[in-house]
S.K.: 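Mind looking over this structure? Questions follow.
We use all heavy atoms of the structure for the numbers below, so side chains are in, but hydrogens, waters and symmetry mates are not. In this text the structure is predicted, and so the values were computed from the model without any measurement.
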Amino acid sequence: MDEPTKRLSLDLPASLHTRFKTACSATNRKMVAELQAYIETRTSELEDEAGVTRK
């Protein structure tokens, strides 16, 4: 069963958005997949730093 999703809205400078979109396109990657991977990695790092245990 898939987990429900939540929407995240993010404001970026236009130049950074363009760079990110271009880099993803040039490497045939989806922006959302790259953001999800980054958030997962960074969340794990922050949890480790805080001593938070995951289920």
Side-chain angles (χ1 to χ4, degrees):
M1 182 164 86
D2 288 344
E3 183 176 352
T5 60
K6 296 290 241 175
R7 183 160 299 276
L8 173 66
S9 182
L10 174 67
D11 294 322
L12 294 173
S15 61
L16 181 56
H17 181 274
T18 299
R19 286 177 56 209
F20 182 56
K21 185 172 185 173
T22 301
C24 287
S25 179
T27 56
N28 200 32
R29 290 176 166 89
K30 299 283 186 185
M31 292 172 69
V32 68
E34 290 301 308
L35 288 170
Q36 287 173 335
Y38 171 76
I39 290 171
E40 178 62 40
T41 298
R42 186 63 178 140
T43 299
S44 292
E45 292 170 353
L46 292 169
E47 288 171 335
D48 290 345
E49 181 181 322
V52 174
T53 56
R54 298 176 289 287
K55 294 179 183 182

S.K.: Linking I/L/V/M/F/W/Y whenever their side-chain heavy atoms sit closer than 4.5 Å, directly or via other members, would L8 and F20 fall into one cluster?
M.R.: no
S.K.: Specify the closest pair of heavy atoms between S44 and R54, including all atoms of both residues, with the distance to one decimal.
M.R.: O-NH1, 4.1 Å
S.K.: For E45, I'd like to know if atom CD has over 12 heavy atoms of other residues, nucleotides or ligands within 6.0 Å.
M.R.: yes
S.K.: Output, in order, the C-alpha distance, side-chain angles, deciding distance and verdict of side chain to side chain contact (heavy atoms under 4.5 Å, CB included) for H17 and M31.
M.R.: CA-CA 10 Å; H17 181 274; M31 292 172 69; 3.8 Å; yes
S.K.: Side chains of V52 and L46, heavy atoms from C-beta outward: is any pair under 4.5 Å?
M.R.: no
S.K.: Quick one: does any side-chain atom of T27 pair with a main-chain N or O of C24 as donor and acceptor, under 3.5 Å?
M.R.: yes
S.K.: Got a second to check how far T5's OG1 is from Q36's CD, nearest 0.5 Å?
M.R.: 9.5 Å
S.K.: Hydrophobic cluster membership, with links at side-chain heavy-atom distances under 4.5 Å among I/L/V/M/F/W/Y: are I39 and L10 in one?
M.R.: no
S.K.: Please round to the nearest 0.5 Å and tell me the distance separating atom OG1 of T43 and atom CG of D48.
M.R.: 10.5 Å
S.K.: Treating S25 as the side-chain partner and K21 as the backbone partner, does any N or O pair qualify as donor plus acceptor under 3.5 Å?
M.R.: no
